[in-house]
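See below for the structure under consideration.
Keep in mind that what you see is a predicted model, and the values were worked out from it rather than measured.
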Amino acid sequence: MTKYKNNNQFSFEITKRIPGQLGRAGIIHTPHGDIKTPAFITVGTKGEVRFVSMEDMLAIEAQAMLSNGYHLRNTSYEMAEKGGLSSWSGWDGPTISDSGGFQVMSLGSGFGKVVSMKRENEVMNTKQKDRFAKVSEEGVQFHDPITNQEDFIGPEESMQIQCRIGADIHMAYDELTSLADDYDYNVEALARTERWAVRSIDEHKIHCDELGYHQSLYGVLQGGRWEDLRRSTAAKFAKMDFDGYGLGGAFLKESLGDILKWCCEELPENKPRHLLGLSHPDDILIGTQMGADTFDCVAPTREARHGKIYTKHGNINILKFADSRELLDENCDCPTCKAGWTRGALRALLKSSDQDERRKYFNLASIHNLRFIIRLTQEIRAAILNDTFEEYKEEFLKDYY
RNA sequence: GGGGGGAUAGCGAAGUGGCUAAACGCGGCUGACUGUAACUCAGUUCCUAACGGUUCGACAGUUCGACUCUGUCUCCCCCCA
């Protein structure tokens, strides 16, 4: 197996804490550079952020990229040959790979559903026979309906894939439950995720020994919305040999803060925590306050593609701004706004019948939304360092909502 | 002048006696979207808040009943002179 870049060890330092809170600003050191936290990690599922170039990534001050083990299961061999995700993709900064645990839910019980945070009562799990991911103790049987490819991926396979991908930070294999799953199912799934965590560590160690150096591994916490499950699993994971922790789950918005608090109170303070899959501004603010250091999410890019644009005074739907000569957001420092693109012009690109024009819109809108969220995390960090987190949070939320 | 085809909601287009306020597509309007099966998805789109009302170029018929059949008219397209 190819050797990956490994000129310095993974480590985490806390620069400053939010007084009286679990939150902090810090720096994660990785073989491909530092991540100043809190930080938003852009999602490049298949090794690139949709409609966003590596030059754009630098322009919006993205610090790191998260890719997906399941979606890269085939490509991972080629990545290994080329020296890993970083050299394969052209993204020279820190990288994270997800285990594919999310796909256990998104292609399984939650297939065809929105991963909603506010409609618990409407959510029903997808029927067993309609799922493309079926869970057992050993792992998950995936069926790709487009290629008809069958994959069995358990913790061992996920670690093998991730070690081939060679990101700086790997995620243990987990099962994300859906909001429709009850307490009993969560107990069962959590116990399985805990066993998978042990198997992930063991398998991961084998590959690191073969490589001759350590690749970082985060344990991923589940447990749904139940305090006893969250605390007990966090306490167990705290004693395990992980380099950091992923905070996972399908969260109801109003319970996010509590759940993070339960987890982070049990976790060791000196290891970084990544809140998986969330990035709306209120989520990042509460997440940071409750102890999360990094975030990743598809929302900024997906919502951009769907016409939702982030502004300091809330979100707008670009379709409602035909002929508007306003910028997307006043005083925005993103490349799109700095280049003078107006809402009307961008709307015209989105509505164009020309594919290239639509793609241009996707690019311009995506980098605007990404920059908005990245800037938010930068401002939060600055506020923590200045001891003004509470004031910043209050003011931001007042403008935004 | 002769022959043929056609006129359906903002547009395009089904429907050829009752189950049709009228399929479907586009456009419009709402709303979703959080570790990307997502350039996607859901709802709505004659008038009315609703009860209900008025429709399928126009008028006149046939029929218990017409967007669907008949006649006349208006307009559009094609072919032959």
Side-chain angles (χ1 to χ4, degrees), chain A residues 40-52 64-72 96-108 110-119 122 126 130-133 142-149 158 162 167 169-176 179 218 220-222 245-253 256 274-284 286-287 292 294-308 310 315 317-320 322 349-363 365-366 369 373:
Chain A
F40 176 74
I41 316 298
T42 55
V43 178
T45 300
K46 295 188 177 177
E48 60 179 1
V49 182
R50 291 187 182 177
F51 300 101
V52 176
M65 177 172 78
L66 178 143
S67 297
N68 183 286
Y70 174 74
H71 289 291
L72 291 173
I96 301 176
S97 58
D98 186 29
S99 63
F102 181 72
Q103 279 63 39
V104 179
M105 194 280 287
S106 67
L107 301 178
F111 172 68
K113 309 288 193 308
V114 161
V115 189
S116 174
M117 303 218 328
K118 54 189 167 190
R119 288 184 294 165
E122 296 172 30
T126 302
D130 295 330
R131 300 180 182 184
F132 295 128
F142 288 99
H143 169 73
D144 186 327
I146 297 167
T147 63
N148 279 328
Q149 184 178 340
S158 175
Q162 292 189 69
I169 298 168
H170 301 180
M171 292 285 166
Y173 203 52
D174 65 318
E175 177 184 351
L176 166 56
L179 287 170
Y218 281 21
V220 180
L221 304 182
Q222 293 294 341
Y245 296 93
L247 306 165
F251 302 100
L252 237 41
K253 217 167 182 67
L256 175 63
H274 179 85
L275 177 53
L276 286 152
L278 295 185
S279 77
H280 287 165
D282 53 341
D283 299 329
I284 288 188
I286 196 76
T294 52
F295 305 82
D296 78 276
C297 191
V298 304
T301 48
R302 181 186 290 166
E303 292 183 337
R305 270 179 268 130
H306 295 176
K308 184 186 266 189
Y310 301 164
N315 303 328
N317 180 348
I318 194 72
L319 295 177
K320 294 180 182 173
L349 289 181
L350 174 57
K351 295 303 293 178
S352 170
S353 58
D354 183 75
Q355 186 174 246
D356 290 338
E357 295 200 338
R358 265 179 283 126
R359 287 180 170 167
K360 182 68 179 165
Y361 165 81
F362 295 144
N363 170 254
S366 294
N369 278 1
I373 296 299

Looking at Q103(A), does any N or O in its side chain come under 4.0 Å of the phosphate oxygens OP1/OP2 on rU36(B)? yes
Side chains of Q103(A) and N68(A): is there a donor and an acceptor less than 3.5 Å apart? yes
The Watson-Crick or G-U wobble partner of rC11(B), with both key distances under 3.5 Å, is rG25(B)
Phosphate oxygens OP1/OP2 of rA38(B): is one of them under 4.0 Å from a side-chain N or O of R50(A)? yes
F51(A) has a side chain; which of rU36(B), rC39(B), rG35(B) sits nearest to it? rC39(B)
If you look at every strand shown and take non-hydrogen atoms under 4.0 Å, does D98(A) touch a base, only sugar-phosphate, or nothing? base
Whether H306(A) stacks on the six-membered ring of rU40(B) base, 5.5 Å and 30° limits: yes
Contact class for S106(A) vs. all strands (heavy atom < 4.0 Å): base, sugar-phosphate, or nothing? sugar-phosphate
What one should report as the nearest heavy-atom pair of M171(A) and Q162(A) is O-NE2, 2.7 Å
Just name whichever nucleotide pairs with rU16(B), Watson-Crick or G-U, keeping both distances under 3.5 Å, else none. none
Check the interface with nucleotides 28-31 of chain B: list each N/O to N/O pair with the protein under 3.5 Å, or write none.
residue: rG28(B); atom: OP2; partner: K351(A); partner atom: NZ; Å: 2.9
residue: rG31(B); atom: OP2; partner: K320(A); partner atom: NZ; Å: 2.8

Rounding to a whole Å, what distance do you find between I146(A):CD1 and rU40(B):C1'? 13 Å
Identify, between A299(A) and L107(A), the residue whose nearest nucleotide on RNA chain B lies closer to the 5' end. A299(A)
What contact category does L350(A) fall into here, base, sugar-phosphate, or nothing, at under 4.0 angstrom with non-hydrogen atoms? nothing
Mate of rU72(B) across any strand shown (Watson-Crick or G-U wobble, both atom pairs under 3.5 Å) is rA58(B)
Partner lookup for rA42(B), please. Criteria are Watson-Crick or G-U wobble with both distances under 3.5 angstrom; report none if nothing qualifies. rU30(B)
5'-most contact on RNA chain B (nearest-nucleotide basis), K308(A) vs R359(A), goes to K308(A)
